[in-house]
Amino acid sequence: MKHDVIIIGSGPAGLAAATELRRLGIRDVVVLEREQTAGGVPRHCGHPGFGWRECRRLLAGPAYAQRLVAGATGVDLRTGTTALRLEAGGRVHTISSTGPAVVEARHVLLAMGTRETPRSARLISGTRPWGVFTTGALQQLVYLAGVQPCTSAVIVGTELVSFSNLLTMRHARIRPLAMIEAGERIVAPRPGDWIARLAFGARVLTRSTLVAVHGEQRVSGVDIETPRGRETIECDGVVFSGGFVPETEIVRTSHLAIDPATGGPVVDQYGRCSDPAWFAAGNLLRPVEASWTAWSEGRAVAHAIAASLRGALPAPTHQTVLEAAGLVRYVCPQRLSHPSPLVPALRVNVRVSRAGRGRLRMTHGKRELWGQVRSMLPERRLLIPTVAGDFATLDRVVVDLALPAAR
Amino acid sequence: MLHDVAIVGGGVVGCAILRRLALGGLCCVMLEKGADILAGASKANSALLHTGFDAPTGSLELACMRAGYAEYHEIRDSLNLPLLRTGAVVVAWNDEDYARLAAIVEQAHANGVADVAQIDASMLYRLEPNLAPGALGAVQVPGERVIDAWSAPLAYAHQAIAHGAIIRRGCEVQGGERESDHWVLATAAGEVMARVVVNAAGLYGDHVERIARPAPFTIRPRKGQFVVFDKTAYPLVTAIVLPVPTERTKGVLVCRTAYGNLIVGPTAEEQDDRVNATVDQQALERLIANGRALVPALADHPVTAVYAGLRPATQFKDYQIEALPGEGWITVGGIRSTGLTGALGIAQHVAGLYVEHFGALDNAVTPIPTSVPNLAEDRPRPYAQANPGEIVCHCELVTRGEIEAALVGALPAGDLGGLKRRTRCAMGRCQGFYCSWRIAQLADGRLADVPQPTPMMRTA
């Protein structure tokens, strides 16, 4: 039996898409979730800051996740079901508690989200004892398992997610000793550093790097290099935060194209992958945006999928490649498909590799198609208004950032 | 209780000796200082089963490797142990390397590995098309194998237990006295008495040896670091790709693992520390560059994990194995990087020494098949079978049933490392991002290093 839609992943993007597909009259929507509980990453973000735009309330992650699940009425939500392998033709090989199976749908939406880069892939020197975590692992240990995994810890990174660790640690009675940032300033907006110092008592060390982990069975300390020299901090925990990568393992072994710049699948403005029967949404597309963004992308792509099921979204006859250049690290979506019927679409978002003020522009050869002077930070995405119609005949458009000439 | 034999050290060598002597009908105990066995040199290596083609001709090491290689092939089915028939190629990248290939073949033949032959570059690239260009030729060693370096010694230990052997962990040997006809060993967990002591203490072999005599060798730990590439890299090479060895080191290899990854390593670094096998960022970066130089396509594959192990090398090249008949003591020291291959052969040799000096073994015992859970990718794992239940570790596809089984029984995991070695949990791409909490919950305080959940802290 061929389902209308299979959605892989039940985080904000997947559940928003499922809910919206049902609202649009699509009857047969299956969501596959490998965890035992649906809801995705917000399940273990035990701090407030979720749902303001989607639910008009300020919620903690677990409550937000529960609302998303409760809202997905009429959806065939299959938890404890792992998507193991993707096959052309909308086939998904799965494993669940009863064994292997193959499910099939006219369209598949990939919404597996993102995870952090662990210590090993960061090639951090030292021993490998218990006490080294990512933000996600720490949150789950604390909020899902009820473990106090350490008593004092150093946080590596200063993204917003890094600061969320302060709240997790307060809950678990872990003393945050320091936050460590390689850059000149913290990545999250100021006054994050003052809050960390004053409200949580953590030192914020910029232009510093963690160079080694010590300890045999448990962490006993870390070495950091600061502008003032090398320093050892005694602690029994280290949290590596941020460094998100899309959870794409099953995509990388499939027939679908991956963009090395985002680490996620290549998609067009409707979230369609290189095989137009397949769609993607949320933080699988690129690391990493707030749950609200993932949620709204899931909803937008649901409209595209519904249109496609109705025959109102024809397969592309021509595609314009959006190419990131210079200081622009990536562009997502990476393709603009033509024809481009009026269906809600993903907004073109870009990230730059360093802070600066300059002209963000889209060019074809020497011709500027669109441009705007913007102030940019590496950790903020920038949106480019939908311009697909103008590009219908172009094969390739370069997106870059022109900085004013140095004086 | 007076044991026939006490084996000091729960590494792969200790486990193999325990099995061999237990199968000989002896009453044996193995004393391990760690929270779990395989916690020293045996926990981190390249997991190769060597033919012995490049071992020193005429050495005890070669004899043990040849015997160990043969016995592994004989017993692996009954213990449910994997065998990847990868073969190896020793690749010459320059004229100097190339000139030495003939001698490698000659030595292999002298060592009794008859199927080793030199191949030309075109043949090499037919076998390994993803190898970097520029190879001049190679020696092909069809018999080299990849195995599961953790399941093998665990299987030896389990079979020993089935035959009555006792394994005591958290039982560091701190001293000992020779009474009239037996040893009284002082351990962290009280006295242990045995007629004969086998010193298989690996990285602490020289320390333990001083209980019986001034140590005739000094352990000089040699560290090897490895980089584990993502499972997507597994198809890039088939054979174990070796360089032409130098006087100092066998060099950096690229090979598959039984778990479906590709590894690059090891480094070879002398150090004094016997406990900590630290990884080092610069060395890891060099290994990655080295791997990419050998197999350029590795550049497209992420790093999953890194690890480092210590080999108990001594000032001598060969294994240091001997019996002290008057002392009731057998020394098994200096088992360097070939220990995984040599272990079963070493055990045969030790059994021979025991018979020669200390007493008879029962040769009529029928081994009880004790199959260990399969962790290798070349055969079905529990997740792919009917009713696998909950999958806890998504990267390595480890089921709750596997984890629960590893936490109970005759030899339950003692710490997180022990659980990883029994199940592969938390060893994949995410390194515990998704499953640490569930492991902590299931372990519920039974692993020495993982804190126990305290329900009052939960909010969700």
Side-chain angles (χ1 to χ4, degrees), chain A residues 34-36 43-44 46 60-62 65 80 82 84 95-100 115-116 118-150 171-173 211-214 216-218 245 247 249 252-253 260, chain B residues 35 227-228 230-232 275-285 288 300-308 383-391 394-395 397 415-417 428-441 447-460:
Chain A
R34 63 188 185 178
E35 296 294 340
Q36 302 299 307
R43 275 177 313 129
H44 51 75
T82 304
L84 210 57
I95 297 286
S96 69
S97 59
T98 52
R115 62 168 172 80
E116 292 161 292
R119 175 256 175 104
S120 59
R122 296 173 185 240
L123 308 181
I124 302 292
S125 302
T127 57
R128 291 168 303 121
W130 170 269
V132 182
F133 313 104
T134 50
T135 307
L138 178 74
Q139 286 179 347
Q140 293 175 75
L141 281 163
V142 168
Y143 290 116
L144 300 185
V147 170
Q148 185 196 30
C150 56
H171 182 76
R173 296 195 206 96
V211 291
V213 175
H214 302 299
E216 287 174 27
Q217 198 159 53
R218 298 266 182 109
V245 288
E247 179 70 352
E249 57 160 307
R252 284 189 288 130
T253 52
Chain B
V227 173
V228 183
D230 193 69
K231 294 186 194 307
T232 51
V275 181
N276 294 308
T278 56
V279 290
D280 172 71
Q281 182 166 3
Q282 284 175 353
L284 296 171
E285 281 166 355
I288 292 168
D300 301 332
H301 298 271
V303 169
T304 288
V306 298
Y307 65 94
Y383 76 82
Q385 286 155 24
N387 303 310
E390 175 188 345
I391 290 174
H394 299 300
C395 301
L397 295 163
D415 53 19
L416 184 59
R429 302 176 173 92
C430 88
Q431 294 279 299
F433 179 97
Y434 293 110
C435 67
S436 295
W437 74 279
R438 193 72 180 111
I439 291 169
Q441 211 172 37
L447 301 176
D449 45 357
V450 179
Q452 188 167 21
T454 48
M456 51 180 293
M457 208 169 69
R458 266 167 62 184
T459 57

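These numbers come from a predicted model, not from an experiment. Basis for what follows: all heavy atoms, side chains included, without hydrogens, waters or symmetry-related copies. Below, read A as the first sequence line, B as the second, and so on, with proteins coming before strands; counting in each chain starts at 1.
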Within this structure, what is the [atom1]-[atom2] distance for the pair [X] and [Y], rounded to the nearest 0.5 Å?
{"X": "B:L284", "Y": "A:R122", "atom1": "CG", "atom2": "CZ", "value": "15.0 Å"}
{"X": "B:Y383", "Y": "A:L84", "atom1": "OH", "atom2": "CG", "value": "5.5 Å"}
{"X": "A:Q148", "Y": "B:Q452", "atom1": "CD", "atom2": "CD", "value": "13.0 Å"}
{"X": "A:Q139", "Y": "B:S436", "atom1": "CD", "atom2": "OG", "value": "12.5 Å"}
{"X": "A:I124", "Y": "B:T278", "atom1": "CD1", "atom2": "OG1", "value": "13.5 Å"}
{"X": "B:Q441", "Y": "A:L144", "atom1": "CD", "atom2": "CG", "value": "8.0 Å"}

**Message:** If you apply the rule side chain to side chain contact (heavy atoms under 4.5 Å, CB included), what do you find for A:V147 with B:W437, and how did you get there?
**Reply:** CA-CA 8 Å; A:V147 170; B:W437 74 279; over 6 Å; no
### Message
Counting heavy-atom pairs closer than 4.5 Å to chain B, which one of A:A65, A:G131, A:A137 comes out on top?
### Response
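Among the listed options, the one with the most contacts to chain B is A:A137.
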So which residue, A:S97, A:G61, A:S96, ends up with the most heavy-atom pairs under 4.5 Å with chain B?
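With the most close heavy-atom pairs to chain B, the winner is A:S97.
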Portion of [X] that has a non-hydrogen atom of chain A nearer than 4.5 angstrom:
{"X": "B:D230", "answer": "side chain"}
{"X": "B:I439", "answer": "neither"}
{"X": "B:A35", "answer": "side chain"}
{"X": "B:Q281", "answer": "both"}

Can you check whether [X] reaches [Y] side chain to side chain, under 4.5 Å on heavy atoms?
{"X": "B:I391", "Y": "A:I95", "answer": "yes"}
{"X": "A:E247", "Y": "B:Y434", "answer": "yes"}
{"X": "B:C430", "Y": "A:E249", "answer": "no"}
{"X": "B:P302", "Y": "A:R252", "answer": "yes"}

Taking all heavy atoms of [X] and all of [Y], pick out the closest pair and write down the distance.
{"X": "A:R218", "Y": "B:D449", "result": "NE-O, 3.0 Å"}
{"X": "A:S120", "Y": "B:Q431", "result": "OG-CG, 3.4 Å"}
{"X": "B:V306", "Y": "A:R128", "result": "O-NH1, 3.6 Å"}
{"X": "A:L123", "Y": "B:E285", "result": "CD1-CG, 3.7 Å"}

Test ring-ring contact (aromatic ring centres under 6.0 Å, His included) applied to B:Y307 - qualifying residues, sequence neighbours left out: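 For B:Y307 the ring-ring contact (aromatic ring centres under 6.0 Å, His included) partners, ignoring immediate neighbours, are B:F226.
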According to side-chain contact (heavy atoms from CB on, under 4.5 Å), who are the partners of A:E216, at least two apart in sequence or on a separate chain?
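With neighbours one apart ignored, the set is B:V275, B:N276.
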Can you check whether B:F433's main-chain N or O pairs, donor with acceptor, with A:Q140's side chain at less than 3.5 Å?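 Flag set: sc A:Q140 to bb B:F433 pair under 3.5 Å.
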Requested in this report: Take B:R438 and A:Q36 through the test side chain to side chain contact (heavy atoms under 4.5 Å, CB included) and record every step on the way to the result.
Outcome: CA-CA 11 Å; B:R438 193 72 180 111; A:Q36 302 299 307; 5.6 Å; no
